[in-house]
Amino acid sequence: MKAGGSAPSRPREGLSPGVVEVRVGNPNDVLRALDDAVRAVGEAADRYGTGIMITDVGGGGYVVRAHPAVPHGLVRERRS
């Protein structure tokens with residue numbers, strides 16, 4: 001669910017399986033939505049031996065992805 005939803009959105013067309021876009025309308029739902037997205041990306045991160053990067057893209061949007069710059073088992077956050 002993108003606009004206003006608290007759950008991670010489905011991967012946008014053309015994104016790899018280890019990437020989830022999240023759009024949160026209510027700031028109180030951010031942590032739960034990001035936790036759900038990290039769980040969804042966790043399988044790809046384990047498969048490829050990477051960690052997970054959460055990028056705050058502004059406006060209640062986040063991109064959560066398995067990322068080779070993050071050591072396996074860790075989650076990092078950055079702003080774009």
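It should be emphasised that the depicted structure is a prediction, and the values quoted were computed from it without experimental measurement. Position 1 is the first residue of the sequence, and the numbers go up from there.
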Peer 1: Between Pro71 and Ala69, what is the shortest heavy-atom contact and its length?
Peer 2: CD-O, 3.8 Å
Peer 1: Tell me which donor-acceptor pairs under 3.5 Å the side chains of residues 38-48 have, and how far apart each pair is, sequence neighbours excluded?
Peer 2:
from	atom 1	to	atom 2	distance (Å)
Arg39	NH2	Asp36	OD1	2.5
Glu43	OE2	Arg47	NH2	3.3
Asp46	OD1	His72	NE2	2.9

Peer 1: Applying salt bridge (charged side-chain N to carboxylate O under 4.0 Å, His left out), which residue pairs with at least one partner in residues 65-75 are found, sequence neighbours left out?
Peer 2: none
Peer 1: Side chains of Val19 and Val64, heavy atoms from C-beta outward: is any pair under 4.5 Å?
Peer 2: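 No, side chains not in contact.
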Peer 1: For Asn26 and Val24, work out which heavy atoms get closest and say how close.
Peer 2: O-CG1, 3.1 Å
Peer 1: With the side chain counted from C-beta on, respond yes when Tyr62 and Val30 share a heavy-atom pair under 4.5 Å apart, and no when they do not.
Peer 2: yes
Peer 1: If you link I, L, V, M, F, W and Y whenever their side-chain heavy atoms are under 4.5 Å apart, who else ends up in the same group as Leu31?
Peer 2: none
Peer 1: What pairs of residues pass the side chain to side chain donor-acceptor pair (under 3.5 Å) test when at least one of them lies in residues 50-61, not counting sequence neighbours?
Peer 2: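 Found Thr55-Arg78, Asp56-Arg79.
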Peer 1: List in chain and number order the residues that pass side chain to side chain contact (heavy atoms under 4.5 Å, CB included) with Val70, two or more places apart in sequence or in another chain; answer none if no residue qualifies.
Peer 2: Met53, His67, Leu74, Arg76
